[in-house]
Engineer: 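Before I ask anything, here is the structure I am working with.
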Protein chains: 2
Amino acid sequence: MTPTTPTRETTLGCDACVMRHKSDWQVLSDDEIQMLSRGQSKHCYETGQTVYAMGERSRGVYCICSGAVAIRQFDPEGNSVLLQLAYSGDTLGYESVLTGETHRCSAEALGPATVCLIGTHTVKTLIARNPDLGLQFLRRTAAKLQDAQEKLVQHATLSNRAKLAHVLLILMDRCGRRGTDGAGSIYLPVSRRDLASMIGTRHETLSRIIGRMENDGLAYFSGRSVDIPRIEALLGEIRPQLVG
Amino acid sequence: MTPTTPTRETTLGCDACVMRHKSDWQVLSDDEIQMLSRGQSKHCYETGQTVYAMGERSRGVYCICSGAVAIRQFDPEGNSVLLQLAYSGDTLGYESVLTGETHRCSAEALGPATVCLIGTHTVKTLIARNPDLGLQFLRRTAAKLQDAQEKLVQHATLSNRAKLAHVLLILMDRCGRRGTDGAGSIYLPVSRRDLASMIGTRHETLSRIIGRMENDGLAYFSGRSVDIPRIEALLGEIRPQLVG
DNA sequence: CGGCCGCATTGACAAACGTCAATTTATAAA
DNA sequence: TTTATAAATTGACGTTTGTCAATGCGGCCG
C-alpha cells in the first residue's frame with residue numbers, strides 16, 4: 001500500500017543466493033543460473049510496501065529472498081481479501097507473465113523483505129530453454145490450486161470459528177513455536193482485518209469469535225501474539241460434529 | 001456416484017476427434033497425436049456415473065469428448081461441494097499425475113458423456129517430448145487458480161443472493177439461451193443441492209433465496225429451468241451498494 | 001508531550017442463516 | 001399404474017452474523 005519506491009541493491013548473483021536450491025529455480029543448470037542472474041534485480045522493501053499492484057502490467061516474476069509477502073485481491077468496493085502468505089523461496093506473479101494480462105492480485109511486504117524481479121524476457125527464455133522450469137511452475141501452481149479448492153470447501157462447510165482454528169493451525173506450522181507439552185504460540189504476521197478476510201467474515205465478528213475462544217480456553221490473543229494451551233484442542237474445533 | 005462400470009468403446013483415434021484443435025492437445029504434432037491415440041481409451045458414461053473418485057489412485061488424465069462433468073470434493077461428514085463444471089475439450093486429473101498422489105476430487109458425469117483416459121505413462125512421455133504440452137497445462141491450471149481465487153473473494157465479500165446471481169450469469173454464458181430483448185433462459189446442469197454447495201450454503205437457504213428472487217421478478221425457477229426477464233438486473237444484484 | 005489517526009473491541013439491533021421437522025413434488029423402480 | 005425413494009419446498013425457532021455507532025488502545029508525527 002505504501003507508494004515509496006523500494007531500495008535497489010547491487011547483488012551478488014543468484015548462484016550465491018540462499019534460496020538457490022530451495023526454490024523453483026533449483027532445476028536450472030549453472031549457466032542457466034548465470035542467465036537468471038543477469039536478467040534479475042534485487043529490491044528491498046519495508047513493511048507495507050507494494051511489490052506489485054493489482055491492475056499493473058507484469059514486469060516479470062518475483063522471487064522472495066527473505067521476509068514474508070501478502071497476496072491480496074481487492075473487490076470493487078475496496079475491501080481486500082488476503083488470499084495467500086508467501087515466504088522466502090516462493091516465486092510470485094508468473095500467472096501474469098503467462099497470460100500477458102495485468103496482475104489480478106497485489107503483493108505487499110508484511111515486514112522487511114528482499115525480493116528479486118526476474119524480467120519477463122528472461123523468464124520466457126529460461127522456460128523455453130529448460131522445460132523442467134515450466135514443469136516446476138506447473139507443480140507449484142497445481143498445489144496452489146488444490147490449496148484454494150480446499151479453502152472453498154471449508155468456506156462452504158465449516159463455521160467461522162472452525163475456519164479460524166484452521167488458519168491458526170496453518171500459521172502454527174508456518175511461524176509458530178511449540179512449547180513443552182501440547183502448547184504453542186504464534187506471532188501473527190497479519191492484522192485482525194486481514195485475518196478476518198482470510199476466514200471470510202467482518203473484523204467485528206472475528207473479535208467476537210476470538211472472545212469466545214478465549215472464554216473456552218482455546219487460544220489467548222494479545223496484540224499479534226497468540227497463545228495456544230493445547231494444539232489438539234484446536235484440531236477438535238474443526239470437526240465438532242465428529243467428536244460426539 | 002453410481003458404481004456401474006462405463007462402456008468401453010473401440011475408438012477411431014485422436015486425430016479424428018472433434019476436440020483435436022480445441023483442447024490442450026492442440027499443441028501436439030501429427031506423430032505425437034498418434035502416440036496419444038495408442039495410449040488412450042474411450043469410455044461412455046451415463047448420468048451420475050463416476051469418471052474417477054476421490055482417494056482413488058490416478059490412472060492418467062481424462063479428456064472430455066462430449067457431455068459435462070462435475071468436479072466435486074467431499075468433506076469428512078460426507079457433504080459434497082461442487083468445485084467446477086467441466087465440458088467437452090477440458091482435460092481433467094493431471095494434478096494427480098504430477099504429484100503421484102490420489103485424486104483429491106471426484107469427477108462425475110452430469111449427463112451422457114464420453115471421456116478418454118490417457119494413461120499416466122503416455123502423458124509423461126508426451127510432456128517430456130513436447131514441452132509445449134506442459135506449458136499448455138500450466139496456462140490452464142493458472143486460469144483455474146485465478147478462477148478459484150475469484151470465488152474465494154466472492155465468498156468473503158458477497159451475500160448469498162449475489163453469489164447466486166453470479167453463478168446464474170456464469171451458467172448463462174455456459175449453457176444459456178438469450179431471448180429477443182435482455183431476457184434469457186437456462187437449463188441447469190445440476191441439482192439444487194449442488195447449486196447450494198456452489199454458493200456455499202444449505203439447500204433450504206437456497207430455496208428461500210430463490211423464492212425471494214422470484215418475488216422480486218429477477219428469475220423464475222421451475223425444476224431445472226430458469227427464466228431470466230432481464231439479465232442486466234442480475235448483474236445489478238452483485239454489487240448492490242454501488243448502485244446507490 | 002499531546003494530538004491525531006488507524007486498528008481493535010464492545011454494545012445494540014435487525015437481518016440472514018442453520019437446524020429440525022413436516023409436507024409436497026419429482027423421479028425411478030416394481 | 002402404483003409404489004418406493006429421493007429431491008425440493010415451507011414453517012418455526014434459536015443462533016450467528018452484519019451493520020451502525022461509540023469507545024478504548026497504540027503508534028507516529030508534529
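In the text below, chain A, chain B and the rest are named by the order of the sequence lines, each starting its count at 1. A quick note: this is a predicted structure, and the numbers were derived from the prediction, not measured.
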Engineer: For the atom pair NZ (Lys163(B)) and NZ (Lys151(B)), what is the distance rounded to the nearest 0.5 Å?
Structural biologist: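 Separation between the atoms: 12.0 Å.
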
Engineer: Can Glu108(B) and Arg72(B) be counted as an ion pair, charged N to O under 4.0 angstrom?
Structural biologist: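 Yes, charged N to carboxylate O under 4.0 Å.
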
Engineer: Near Arg230(A) CZ, under 6.0 Å, is it more than 12 heavy atoms from other residues, nucleotides or ligands?
Structural biologist: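 Not buried by this count: 12 neighbours or fewer within 6.0 Å.
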
Engineer: Using a 4.0 Å heavy-atom cut-off to protein, can you give one letter per nucleotide of nucleotides 23-30 of chain D, 5' to 3': B if the base is in contact, S if only the sugar-phosphate is, - if neither?
Structural biologist: --------

Engineer: Distance check needed: dA26(C) P versus Leu188(B) CG, whole Å only.
Structural biologist: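 Roughly 15 Å, once rounded to whole Å.
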
Engineer: Looking just at side-chain N and O atoms, do Ser41(A) and His43(A) make a donor-acceptor pair shorter than 3.5 Å?
Structural biologist: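 There is such a pair (donor and acceptor under 3.5 Å, judged by atom type) between the side chains of Ser41(A) and His43(A).
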
Engineer: Taking only Lys NZ, Arg NE, NH1 and NH2, and the carboxylate oxygens of Asp or Glu, determine whether Arg212(B) and Asp216(B) approach each other closer than 4.0 Å.
Structural biologist: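 Between Asp216(B) and Arg212(B) there is no salt bridge, as every charged N stays at least 4.0 Å from the carboxylate O atoms.
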
Engineer: Arg202(B) has an atom CZ; how far is it from atom P of dA8(D), in whole Å?
Structural biologist: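 Whole-Å distance recorded here is 15 Å.
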
Engineer: Does a sphere of radius 6.0 Å around CZ in Arg161(B) hold more than 12 heavy atoms from other residues, nucleotides or ligands, not counting ones at 6.0 Å or beyond?
Structural biologist: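 Correct, the count exceeds 12.
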
Engineer: When you check the phosphate oxygens OP1 and OP2 of dC17(C), does a side-chain N or O of Asn160(B) lie under 4.0 Å from one of them?
Structural biologist: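 So the side chain of Asn160(B) is within the cut-off, an N or O lying under 4.0 Å from OP1 or OP2 of dC17(C).
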
Engineer: Can you check the Arg161(B) CZ to dA15(C) C1' distance for me, whole Å?
Structural biologist: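 Atom CZ in Arg161(B) sits about 13 Å away from atom C1' in dA15(C).
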
Engineer: Output the rounded distance in Å from NZ (Lys163(A)) to P (dT16(D)).
Structural biologist: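 Rounding to the nearest Å, NZ of Lys163(A) and P of dT16(D) are 14 Å apart.
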
Engineer: With no hydrogens and no angle check, just 3.5 Å: does a side-chain donor-acceptor pair link Arg177(B) and Ser185(B)?
Structural biologist: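 Side-chain D/A pair, Arg177(B) to Ser185(B): present.
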
Engineer: Rounded to the nearest angstrom, tell me the gap between atom CG in Leu158(A) and atom P in dC17(C).
Structural biologist: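 For the pair Leu158(A) CG and dC17(C) P, the rounded distance is 18 Å.
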
Engineer: Roughly, in whole Å, what's the span from CG in Leu164(A) to P in dT17(D)?
Structural biologist: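 Distance check: Leu164(A) CG to dT17(D) P gives 11 Å.
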
Engineer: Once you round it to whole Å, what is the distance between P of dA8(D) and CD of Glu214(B)?
Structural biologist: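 Atom-to-atom, Glu214(B) to dA8(D), this comes out as 14 Å.
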
Engineer: Judged by atom type as modelled, is there a donor-acceptor pair below 3.5 Å linking the side chain of Ser197(B) to the main-chain atoms of Leu82(B)?
Structural biologist: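 Looks like yes, one N/O pair under 3.5 Å.
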
Engineer: Roughly how far, to the nearest 0.5 Å, is the CZ atom of Arg202(B) from the CG atom of Asn79(B)?
Structural biologist: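 The CZ atom of Arg202(B) is 5.5 Å from CG of Asn79(B), to the nearest 0.5 Å.
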
Engineer: Going 5' to 3' along nucleotides 5-12 of chain C, which nucleotides have protein heavy atoms under 4.0 Å from the base (write B), which only from the sugar-phosphate (write S), and which from neither (write -)?
Structural biologist: ---SBBBB

